[in-house]
Amino acid sequence: MGVKDNDNFFERVYEVARLIPYGRVTSYGAIAKCLGAARSARMVGWAMNACKGRDDVPAHRVVNRKGVLTGKHHFEGTNLMQQLLESEGIEVIDNQIQNLDELFWDPMTEL
DNA sequence: CCTGTGACATAAG
DNA sequence: CCTTATGCCACAG
């Protein structure tokens, strides 16, 4: 329907992001790798920037490799992202996800 | 076609 | 821990 259903890369990022289980997180690089563009981690983040307005995309579950909420500044307010994560049972201290080892969800491994 | 940009990743100091 | 620098790639203008 419409002129273009898929924007490809962006849509794919959103698709993977939607698959992130509740109370879990993943990294930009992991998603990028899952898409076959392991070196385009920045594009994933950029896609997130364009995800504003999409309730289907839990961007708050996507963090950087260290589990740091690097993109929190792109959410409304200053601590919305952290609140969303804590709301799912994820402990966040100083913008960093705790127990990342267990919470990390790898789309390559889990899928 | 070229340039700028960006919520990363990695390395180096 | 911090900042800088480089690579890397998709997209917008």
Side-chain angles (χ1 to χ4, degrees):
Chain A
M1 331 218 313
V3 254
K4 52 179 180 178
D5 300 352
N6 295 337
D7 277 308
N8 270 324
F9 203 88
F10 278 31
E11 282 299 323
R12 279 218 215 154
V13 173
Y14 302 145
E15 191 173 353
V16 175
R18 278 191 221 112
L19 296 175
I20 303 175
Y22 179 92
R24 295 285 200 110
V25 293
T26 192
S27 68
Y28 303 96
I31 295 176
K33 188 173 184 178
C34 183
L35 299 179
R39 294 161 185 186
S40 304
R42 311 163 99 168
M43 308 289 66
V44 178
W46 197 6
M48 291 287 123
N49 189 19
C51 87
K52 293 180 177 180
R54 294 170 181 259
D55 298 351
D56 327 27
V57 185
H60 61 274
R61 293 188 188 141
V62 185
V63 294
N64 71 354
R65 231 350 186 179
K66 301 171 188 171
V68 181
L69 284 53
T70 46
K72 65 178 278 179
H73 296 293
H74 294 266
F75 285 80
E76 297 179 9
T78 50
N79 53 342
L80 175 60
M81 188 175 184
Q82 178 172 334
Q83 287 180 31
L84 288 171
L85 291 170
E86 290 180 335
S87 175
E88 300 188 359
I90 300 176
E91 187 177 15
V92 180
I93 299 177
D94 193 20
N95 299 328
Q96 174 155 343
I97 293 180
Q98 305 302 300
N99 209 6
L100 180 65
D101 212 52
E102 291 184 12
L103 296 175
F104 189 81
W105 178 80
D106 189 341
M108 296 288 277
T109 306
E110 306 293 337
L111 253 39

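Just so we're clear, the structure is a prediction, and the values are computed from it rather than from any experiment. Lettering follows sequence order; numbering is per chain, from 1.
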Nearest whole angstrom, please: distance from the P of B/dA7 to the NE2 of A/His73. 10 Å
Give the rounded distance in Å between these two atoms: CG of A/Leu84 and C1' of B/dA7. 15 Å
Under the side-chain hydrogen bond (donor to acceptor under 3.5 Å, both in side chains) rule, collect the residues that match up with A/Glu88, sequence neighbours excluded. A/His60, A/Arg61
Does A/Val92 offer a backbone N or O that forms a donor-acceptor pair with the side chain of A/Gln82 under 3.5 Å? yes
Find the distance A/Tyr14:OH to C/dA10:P and express it as a whole number of Å. 16 Å
Any sub-3.5 Å donor-acceptor pair from A/Asp94's side-chain atoms to A/Gln96's backbone N or O? no
With a 4.5 Å cut-off on side-chain heavy atoms, are A/Ile97 and A/Glu91 touching? no
Check DNA chain C against residues 35-42 of chain A and give the residues with a non-hydrogen atom under 4.0 Å, in numerical order. A/Arg39, A/Ser40, A/Arg42
Does A/Tyr14 use its side chain to pair, donor to acceptor, with the backbone of A/Ala47 at less than 3.5 Å? yes
Main-chain N/O of A/Ala32 paired with A/Ser40 side-chain donor or acceptor, under 3.5 Å: no
Just the rounded figure in Å: distance from P of C/dC1 to CG of A/Asp94. 10 Å
Say whether A/Lys72 and A/Asn79, considering side chains only, have a donor N or O and an acceptor N or O under 3.5 Å apart. no
Atom CZ of A/Phe9 and atom P of C/dC11: how far apart are they, to the nearest Å? 7 Å
Point-to-point distance, once rounded to the nearest 0.5 Å, from CG of A/Leu35 to CD of A/Glu15: 9.0 Å
Nearest-angstrom distance from the residue atom CZ of A/Phe10 to P of B/dA7: 12 Å
For A/Ala59, which contact category applies under a 4.0 Å heavy-atom criterion: base, sugar-phosphate, or nothing? base
Would you indicate what A/Asn64 reaches in the nucleic acid, counting non-hydrogen atoms under 4.0 angstrom: base, sugar-phosphate, or nothing? sugar-phosphate
Please report the distance, rounded to the nearest Å, between CD in A/Gln96 and C1' in C/dC1. 13 Å
Can you list, in residue-number order, the parts of residues 65-72 of chain A that come under 4.0 Å of DNA chain B, counting heavy atoms only? A/Arg65, A/Thr70, A/Gly71
Side-chain ion pair, A/Glu76 and A/Lys52, N-O less than 4.0 Å: no
A/Asn79 atom CG is separated from B/dA7 atom P, nearest whole Å, by 19 Å
